[in-house]
Amino acid sequence: MRTTQLYAPTLRETPAEAEVVSQKLMLRAGMIRKAAGGVYTYLPLAWRTLRKIEQIVREEMDAAGGQEILMPILQPSEIWKETGRWAVYGEEMFRLNDRHEREFCLGPTHEEMVTALVRDEVRSYKQLPLMLYQIQNKYRDEIRPRFGLMRGREFIMKDLYSFDKDEAGLEVSYKKMFDAYTRVFTRCGLKFRPVEADNGAIGGAHSHEFTVLADSGESNIVYCTKCDYAASDEKAELKTIVAEKEEPLELEKVSTPGTKTIELVADYLKVSVEKTIKAVAFQNEKDELVLAFMRGDHDVNEVKLQNAVGAIALRMADEEAITAAGGQPGFMSPIGIKKGTKIVVDATVMDMYNAVAGANEKDMHFIHVNPKRDFKDVMVCDIRLVKDGDPCPHCGAPLKMTRGIEAGQVFTLGTKYSKPLGATFLDENGKEKPLVMGSYGIGVSRTMAAAIEQNNDKDGIIWPRAIAPYEVIVVPVNAKVKEQLDMAEKVYETLKKEHIDVVLDDRKERAGVKFKDADLIGYPLRITIGPKTLESGIIEAKIRRTGEVKNLTKENYVEGVKEILDTL
RNA sequence: CGGGACGUAGCGCAGUUUGGUAGCGCACCUCGCUUGGGACGAGGGGGUCGCAGGUUCGAAUCCUGUCGUCCCGACCA
């Protein structure tokens, strides 16, 4: 490819709408253009990278036993009604009607579709296990599409579904996919971590997220500094912190005027925040009040809480709901709350002694609260959100918190979809059973964005070689010097014959312009043909990531380029 | 959904308060000059000022509506 032909309009200035690095750089590098909120056109450079990622994914899925198919984007409502998700999915689903007023949606995912497909064809355990996948656009009408390709409304995803005859088979399929994902992200040249994740309402055995490490990421993950434990912050289990034992004193109500926050109470009563118990009030989807109680300095993990009370959704509670249950916003504790209210107390709270908690009266708190003695009718479990430095649940070493981008997720589905859709088979004993399923996704377009979030500097993108749109750019310093251009042409043609993805910058631009564009687009290797080449046969190879320049010669540059590429 | 802001040339912005028929930088085209990190000079093309109504002799500017874009709000009550 020649830059005079390449449709990659680079921008010197960043469009005002761009929020994150990947979006800014992709817009500037002429890789993407926005068509509507959260909807983008992929220009040639982006499309090449996407196809490279897809190809890696495809090879690994095939190697793990997957078979590629292509299901429709346009899906009939019937199958979604069978699983109940037509109602549950809500506003996030793009819905439309055909001319006969039949209802359809643009597929946000394909569990229904693939299960419906398989139920008609799979009859016997002899046809199992089966793994089907596709690489295709997905549609989700996000409330707030943001961050360019990171959270779009249309995006490319690889989704694979496994079908097994039993849980043991599912375990095998799951492990295969876990390993395949590890290879995919490794081959893409990304720094990532598989972390234990919550699979919430789905309730399968387990789930892992593959998180590409980047400070700009949206998801928080923790990993152990000693063992190999790693989890998303939603999932991270936490051991109960047992406070130093004290002789329980008698419960006492004290006046604490105006102390609506934990900090104010602690300050007013001259106790540390660790000696206080705070309340966070939620309402579930049925508007029932759910009260969570935490140590003053701890945060609620809403996902854990949601799982604990079996709620589908939680939101902050209205003041009316709190008062109706006998609570007083700002001064709440389980003591004196109306019977029947759902109360969840974090396990750590139960091991506190002589603590401070609200008295459910304005400007009043209890002191000498001993939860084991004073809290009645409460559910106790771990509902704490992990913090940097918390002890690892496996080995106790401090956990480290970091940010990342969720690029892939694997999870077990069990019979959640096969049962309602009636996808069954006959086992060895002629008994009809529902298929045991797993679901495995990779956000392909998001992986591209994540790669940029992880690999960039002030000058632009730094592509890992495996997913770079082109691996090498050949730049003649002065295209008006015929000898330079001829030499550049020769190098370009030679590398092309060696099956290296190479671009020739044949524009009549000044060197600076060409260098800036090459850095912005992020070709892993830049070959410069200049006066030095003509005078002494030196061909410069500059590594984008390190800035390191290697002098190759007219004679050996092909080998040299290959050697360098192999290290990128 | 609630609150806030913005929409003027491909991109970044000024002009709007105080109405008088649109400007700057970059990009683009031509010529000259220049060529190892986004040169310089001269000349040029491009905008129904998001859209639709209204007020006015006259609207980018004032009013109403609408569409779009972006930001903030979602735990310590």
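Below, chain A is the first sequence line, B the second, and so on; all start at residue 1. Values below: all heavy atoms of this structure, side chains included; hydrogens, waters and symmetry mates excluded.
Residue A/N354 forms a side-chain hydrogen bond (donor to acceptor under 3.5 Å, both in side chains) with just one option from A/E246, A/H368, A/K275, and that option is A/E246.
Distance check on atom P: B/U61 versus B/C51 gives 11 Å, rounded to whole Å. B/C29 and B/G65 are spaced 45 Å apart, taking the P atom of each and rounding to whole Å. Going from the P atom of B/A52 to that of B/G41 covers 40 Å, rounded to whole Å. Atom name C1', nucleotides B/G36 and B/C24: the rounded distance is 32 Å, in whole Å. Taking atom P in both B/G12 and B/G54, the straight-line distance is 32 Å, to the nearest Å. Separating the P atom of B/G44 from that of B/A39 is a span of 23 Å, rounded to the nearest Å. Here, B/C75 and B/U18 have their C1' atoms 49 Å apart, quoted to the whole Å. Across the P atoms, B/G23 and B/U64 are found 29 Å apart, a figure rounded to whole Å.
Computed from coordinates, the A/E263 CD to B/C75 P distance equals 14 Å when rounded to whole Å. One atom, CG of A/L520, and another, P of B/C11, lie 17 Å apart when rounded to the nearest Å. Protein atom CG of A/D505 is 15 Å distant from nucleotide atom P of B/G37, rounded to whole Å. The CG atom of A/L27 sits 10 Å away from the P atom of B/G12 (whole-angstrom rounding). Residue A/D233 contributes atom CG, which lies 13 Å from atom P of B/C75 at whole-angstrom precision. Atom-to-atom, CD1 of A/I473 to P of B/G37 comes out at 16 Å; the value is rounded to the nearest Å. Whole-Å rounding puts the A/E142 CD to B/C1 P distance at 16 Å.
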Strictly under 3.5 Å: I want the nitrogen or oxygen pairs between protein and nucleotides 68-70 of chain B, one per line.
| unit_1 | atom_1 | unit_2 | atom_2 | d |
| --- | --- | --- | --- | --- |
| B/U69 | OP1 | A/G37 | N | 2.9 |
| B/U69 | O3' | A/K34 | NZ | 3.1 |

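Of the possible polar contacts, one joining the A/N301 side chain to the A/K304 backbone as a donor-acceptor pair under 3.5 Å is found. Judged by distance alone, with hydrogens and angles left aside, the side-chain atoms of A/R403 form a donor-acceptor pair with the main-chain N or O of A/G217 at under 3.5 Å.
At a threshold of 4.0 angstrom between heavy atoms, the contacts of A/D519 include nucleobase atoms, whether or not backbone atoms are also involved. Nucleic acid contact for A/R28: base, since at least one base atom lies under 4.0 Å from a heavy atom of the residue.
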Inset, instruction - Starting from the C-alpha separation in whole Å, work towards a yes-or-no answer on side-chain contact (heavy atoms from CB on, under 4.5 Å) for A/T109 and A/Y89. - result: CA-CA 11 Å; A/T109 176; A/Y89 229 96; 4.0 Å; yes
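Listed by residue number, the members of residues 377-389 of chain A with any heavy atom below 4.0 angstrom from RNA chain B are A/L385.
The nearest heavy atom of RNA chain B to A/P15 and to A/Q328 marks one nucleotide each, and the one closer to the 5' end goes with A/P15. Summary of the strand contacts: A/T10 and A/G296 both lie near RNA chain B, and taking for each the nucleotide with the nearest heavy atom, the more 5' one is attributed to A/T10.
Environment of NZ in A/K376: crowded, with over 12 heavy atoms of neighbouring residues, nucleotides or ligands closer than 6.0 Å.
A salt bridge between A/R384 and A/D382 is absent, with no side-chain N of the basic residue lying under 4.0 Å from a carboxylate O of the acidic one.
Sorted by first and then second residue, the salt bridge (charged side-chain N to carboxylate O under 4.0 Å, His left out) pairs with a member in residues 343-353 of chain A read A/D351-A/K372; sequence neighbours excluded.
For A/Y492 against A/V502, the heavy-atom pair with the smallest separation is CE1-O, 3.6 Å.
The partner of B/C13, taking Watson-Crick or G-U wobble pairs whose two distances both stay under 3.5 Å, is B/G23. Shown here, B/A5 forms a base pair with B/U69; the pair counts as Watson-Crick or G-U wobble because both key distances fall under 3.5 Å. Here B/C28 sits opposite B/G44 as a Watson-Crick or G-U wobble pair (both hydrogen-bonding atom distances under 3.5 Å). Of the nucleotides present, B/G54 is the one that pairs with B/C62 by Watson-Crick or G-U wobble criteria, both distances under 3.5 Å.
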Inset, instruction - Let me have a per-nucleotide readout for nucleotides 27-36 of chain B, 5' to 3', with B, S or -, counting only protein heavy atoms under 4.0 Å. - result: S------BBB
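Geometrically, A/R446 does not engage A/F155 in a cation-pi contact, judged by NZ or CZ lying under 6.0 Å from the ring centre and within 45° of the ring axis. A cation-pi geometry, defined here as NZ or CZ lying under 6.0 Å from the six-membered ring centre and within 45° of its normal, does not hold between A/R153 and A/F94.
The NZ atom of A/K508 lies 6.0 Å from the CG atom of A/L485; values are rounded to the nearest 0.5 Å.
For A/E288, the side chain to side chain donor-acceptor pair (under 3.5 Å) test picks out A/N284, with sequence neighbours left out. In terms of the side chain to side chain donor-acceptor pair (under 3.5 Å) criterion, residue partners of A/D457 (sequence neighbours excluded) are, by chain and number, A/R544.
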